[in-house]
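By convention in this document, chain letters (A, B, ...) are assigned in the order of the sequence lines, proteins followed by strands, and residues within each chain are numbered from 1.
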Amino acid sequence: MAKNTHQPPTGTRDVYPLDAARRRFITESWRRASVLHGFEEVDGPTFEHLDLYTVKSGEGIISELFSFTRTGGEKTYALRPEFTPTLARLFAAKAGSLPKPTKWFTLGAFFRAERPQRGRLREFLQWNVDMLGDDSPAADAEVIATCVSLLSSLGLTPADVRVKVNHRYALQQWLVQRGLEVDKHADLFKILDQRGKLPEADFAAALAPFGFNTEQAEIFTKGVVRLTVDDPAHKGPGPSPEVVDLTFFAQAVTPLAQQFTQMGIIDWVDFDLSVVRGLAYYTGMVFEVHEASGAERAIAGGGRYDNLVELFGGPKTPAVGFGMGDVVLALVLQDRGLMPTDAELLDRAGFAPDVFVISNGQPESDEMVRPLCAALRRVGLHARHTYKATKNVGKLLKDAADSGAKFVAIIENAQLATLKDLRSGQQDPAPTPISLVPEMIRQRLGM
RNA sequence: GUGGCCAUAGCUCAAUUGGUUAGAGCACCGGGUUGUGAUCCCGGGGGUUGCGGGUUCGAGUCCCGUUGGCCACCCCA
């Protein structure tokens with residue numbers, strides 16, 4: 001190792017077999033949740049022309065991404081930092097022939113030239129789910145439901161993670177009503193975005209220039225955990241009526257809340273006025289998924305962006321979607337003790353052998369190991385054998401168990417083998433003719 | 001881009017105020033015993049102490065640089 005002077009680039013990961021199993025566990029969960037909800041998989045290049053990214057985000061984005069020119073070439077490319085521009089291009093190119101709504105997902109590697117820290121690397125996997133051509137709250141909810149479905153499938157519960165939902169458009173309308181000019185909104189949003197990093201008093205003080213007194217600032221610090229719109233009895237002592245007058249918000253969000261209820265995910269959702277997302281292009285509902293205690297960065301984020309497809313040269317198309325990275329997700333699963341054990345990972349990722357073939361040490365048995373493996377593989381079974389020299393049955397069984405194999409076949413002689421189920425520990429009382437072993441295993445696996 | 005902490009075997013860590021040939025456990029490989037995931041015994045491979053320079057009779061240890069890691073800021077599509 002010390003001799004190895006080639007270290008991986010900053011913020012990248014080397015992937016060993018167990019890492020690959022862990023990665024596949026996550027990507028397969030993403031894929032399953034997407035398909036379950038009717039999304040179809042798409043993908044694009046991992047690098048694009050640089051200007052695809054400056055269109056939306058301006059020149060300032062360049063320092064945040066990996067861009068390059070081919071030696072002797074003139075075009076400037078960039079490793080993709082996100083999928084949305086590519087998605088917009090894919091959609092725009094075939095918009096006329098695509099169904100409404102178009103429901104797409106993708107997963108793959110993305111790259112950002114930022115300094116790595118907890119929950120953030122320079123190369124990471126991201127899952128994107130987007131629904132184009134449907135501007136209804138039902139579409140917003142469907143996208144969020146897909147996200148919740150993934151979280152739930154990994155063993156997370158509403159006690160572990162919260163989906164924080166806001167509505168940018170409604171929030172802005174309200175701010176305008178309060179007399180805050182539109183060009184000040186971005187500054188306010190920036191402060192809202194920093195809520196978690198500022199002491200409460202500092203946060204309230206920072207809001208003062210935008211027309212919120214300390215008491216009123218509480219609606220941002222505490223969030224709006226429960227909608228009280230259909231609770232006219234909510235009177236009595238408490239904040240001034242001005243503070244709780246969230247009619248604006250209720251009008252925008254009630255239809256969403258109804259959809260969440262119908263889809264059975266309302267328990268996961270908090271309405272939270274401080275979630276604004278950094279990006280300017282969100283036009284309606286926005287949301288982030290956070291670990292419940294506030295530990296870790298956002299697990300996922302997204303929202304409605306009804307102008308973006310048009311910006312990339314497509315027809316005006318309402319759209320809603322989100323992205324989720326693998327880095328924070330894995331951290332949260334570890335925090336919560338939900339990352340499967342190594343053996344489970346190998347199994348769930350599909351890397352666990354169906355059968356491990358061992359010999360009892362007799363020369364005639366040794367001769368049958370490879371032929372039996374070959375026969376098993378011919379019928380589509382994942383078969384392995386040891387590469388160790390030992391004849392020790394105990395050590396060979398350990399080798400088999402370490403591989404995660406479901407069954408072991410102990411070859412007794414040129415004709416017979418004894419089967420053992422490594423998961424239950426049950427071993428057949430009598431050996432089986434070797435020629436029948438493949439079919440026997442298939443049966444026991446339910447194939 | 002800025003700042004703090006860190007770097008010894010594949011992993012977790014030792015190594016006396018700077019002092020012989022840098023060790024141990026686990027893991028890996030091989031041999032042996034008991035036909036069952038195990039125990040026990042024996043042996044082996046592995047390190048230019050991340051890299052480069054400096055101070056010193058002598059550096060894993062002290063100094064500088066560099067690369068990488070962790071954490072925070074900036075940013076977060």
Pairing partner of A9(B), by Watson-Crick or G-U wobble and under 3.5 Å for both distances, is none

Between CG of Leu422(A) and P of G37(B) the distance, given in whole Å, is 11 Å

When the C1' atoms of G60(B) and C6(B) are compared, how many Å lie between them, rounded to an integer? 15 Å

If you measure only the distance, is there a donor-acceptor pair under 3.5 Å linking the side chains of Thr418(A) and Glu412(A)?
-> yes

request  = Using the C1' atom as the reference point in each nucleotide, state the distance between A14(B) and U49(B) in Å, no decimals.
outcome  = 13 Å

Between CG of Asn392(A) and P of C40(B) the distance, given in whole Å, is 14 Å

Hits for side chain to side chain donor-acceptor pair (under 3.5 Å) against Ser136(A), two or more places apart or cross-chain, chain-then-number order -> Asp134(A)

* For Gly361(A), report the nucleic acid contact type (base, sugar-phosphate, nothing); a contact means any heavy atom under 4.0 Å. => nothing

Applying salt bridge (charged side-chain N to carboxylate O under 4.0 Å, His left out) to Asp187(A) and not counting sequence neighbours gives none

Under 3.5 Å, which donor-acceptor pairs do the side chains of residues 141-154 of chain A form with other protein atoms, sequence neighbours left out?
from: Glu142(A); atom 1: OE2; to: Lys103(A); atom 2: NZ; distance (Å): 2.4
from: Thr146(A); atom 1: OG1; to: Glu142(A); atom 2: O; distance (Å): 2.9
from: Ser149(A); atom 1: OG; to: His37(A); atom 2: NE2; distance (Å): 3.2
from: Ser153(A); atom 1: OG; to: Leu150(A); atom 2: O; distance (Å): 2.7

- prompt: When the C1' atoms of G18(B) and A59(B) are considered, how many whole Å apart are they?
  reply: 7 Å

### Task
Would you indicate, yes or no, if U33(B) has its OP1 or OP2 atom less than 4.0 angstrom from a side-chain nitrogen or oxygen of Lys395(A)?
no

Sorted by chain and number, sequence neighbours left out, salt bridge (charged side-chain N to carboxylate O under 4.0 Å, His left out) with Glu123(A) holds for none

With a 3.5 Å cut-off and just heavy-atom distances, do the side chain of Arg297(A) and the base of C76(B) make a donor-acceptor pair?
-> yes

Worksheet item: At under 4.0 Å between heavy atoms, what does Lys391(A) touch on the DNA or RNA strands: base, sugar-phosphate, or nothing?
Response: nothing

The answer to which of Gly119(A) and Leu65(A) contacts RNA chain B further toward the 5' end, by nearest nucleotide, is Gly119(A)

Quiz prompt | Cation-aromatic face contact Arg423(A)/Phe407(A), 6.0 Å, 45 degrees | solution = yes

Exercise. With sugar-phosphate meaning primed atoms plus P, OP1 and OP2, does Leu396(A) contact a base, only sugar-phosphate, or nothing at under 4.0 Å between heavy atoms?
Worked result: nothing

Any strand, both distances under 3.5 Å, Watson-Crick or G-U wobble: C51(B) pairs with G65(B)

Quick note, side chain to side chain donor-acceptor pair (under 3.5 Å) partners involving residues 82-92 of chain A, not counting sequence neighbours, are Glu48(A)-Thr86(A), Glu48(A)-Arg89(A), Lys56(A)-Glu82(A)

I'd like to know if Lys388(A) reaches the base of G30(B) with its side chain, counting only an N/O donor and acceptor under 3.5 Å. no

Glu296(A) atom CD is separated from C71(B) atom P, nearest whole Å, by 9 Å

**Report entry** Between Phe47(A) and His49(A), ring centroids under 6.0 Å
**Finding:** no

> For the side chain of Ser274(A) and the backbone of Asp272(A), is there at least one donor-acceptor N/O pair under 3.5 Å apart?
Replying inline: no

Any strand, both distances under 3.5 Å, Watson-Crick or G-U wobble: C73(B) pairs with G1(B)

Taking C28(B) as the reference, what is the distance to G3(B) when you measure between their P atoms (whole Å, please)? 44 Å

- Item | Between G58(B) and U21(B) - C1' atom distance, rounded Å | 15 Å

Hits for salt bridge (charged side-chain N to carboxylate O under 4.0 Å, His left out) against Arg384(A), two or more places apart or cross-chain, chain-then-number order -> none

When rounded to whole Å, the CZ to C1' distance for the pair Phe189(A) and C76(B) reads 17 Å

At less than 4.0 Å, is any side-chain N or O atom of Gln362(A) found next to OP1 or OP2 of G35(B)? Yes or no.
no

Using Watson-Crick geometry (N1-N3 plus N6-O4 or O6-N4) or G-U wobble (N1-O2, O6-N3), each under 3.5 Å, G60(B) is paired with none

**Asked** Using atom P of each nucleotide, how far apart are G52(B) and U8(B) to the nearest Å?
**Response** 16 Å

If you look only at distance, which donor and acceptor atoms sit under 3.5 Å apart when one is on a side chain in residues 438-447 of chain A and the other is two or more places apart or in another chain?
from: Arg442(A); atom 1: NH1; to: Val379(A); atom 2: O; distance (Å): 2.9
from: Arg444(A); atom 1: NH1; to: Asp428(A); atom 2: OD1; distance (Å): 3.1
from: Arg444(A); atom 1: NH1; to: Asp428(A); atom 2: OD2; distance (Å): 3.4
from: Arg444(A); atom 1: NH2; to: Asp428(A); atom 2: OD2; distance (Å): 2.9

Glu82(A) atom CD is separated from C76(B) atom C1', nearest whole Å, by 11 Å

Within residues 398-418 of chain A, those residues having any heavy atom closer than 4.0 Å to RNA chain B are Lys398(A), Ala401(A), Ile410(A), Glu412(A)

Contact string for nucleotides 65-70 of chain B, one letter per nucleotide 5' to 3', B = base within protein heavy-atom range under 4.0 Å, S = sugar-phosphate only, - = neither, reads --BSS-

Mate of G43(B) across any strand shown (Watson-Crick or G-U wobble, both atom pairs under 3.5 Å) is C29(B)

For atom CD of Glu367(A), is the number of surrounding heavy atoms from other residues, nucleotides or ligands below 6.0 Å larger than 12?
no

In whole angstroms, the gap separating C1' of C11(B) from CG of Leu18(A) amounts to 13 Å

Original post:
How would you label the contact of Asn128(A) with the nucleic acid (heavy atoms, under 4.0 Å): base, sugar-phosphate, or nothing?
Top reply: nothing

Can you give me every donor-acceptor pair (side chain of residues 338-346 of chain A, partner residue at least two apart or in another chain, under 3.5 Å) with its distance?
from: Thr341(A); atom 1: OG1; to: Glu344(A); atom 2: N; distance (Å): 3.2
from: Thr341(A); atom 1: OG1; to: Glu344(A); atom 2: OE1; distance (Å): 3.4
from: Glu344(A); atom 1: OE1; to: Thr341(A); atom 2: N; distance (Å): 3.0

So, with a heavy-atom separation below 4.0 Å from RNA chain B, the residues of residues 321-351 of chain A are none

message: Say we look at U61(B) and U17(B): how far apart would their C1' atoms be, to the nearest angstrom?
response: 11 Å

To the nearest angstrom, the CG-P distance between Asp14(A) and G10(B) comes to 14 Å

*asked:* Taking the C1' atom in each of A24(B) and G69(B), what is the distance between them to the nearest angstrom?
replied: 25 Å

Rounded to whole Å, the CD-P distance (Glu64(A) to G1(B)) equals 11 Å

Sorted by chain and number, sequence neighbours left out, salt bridge (charged side-chain N to carboxylate O under 4.0 Å, His left out) with Lys391(A) holds for Asp366(A)

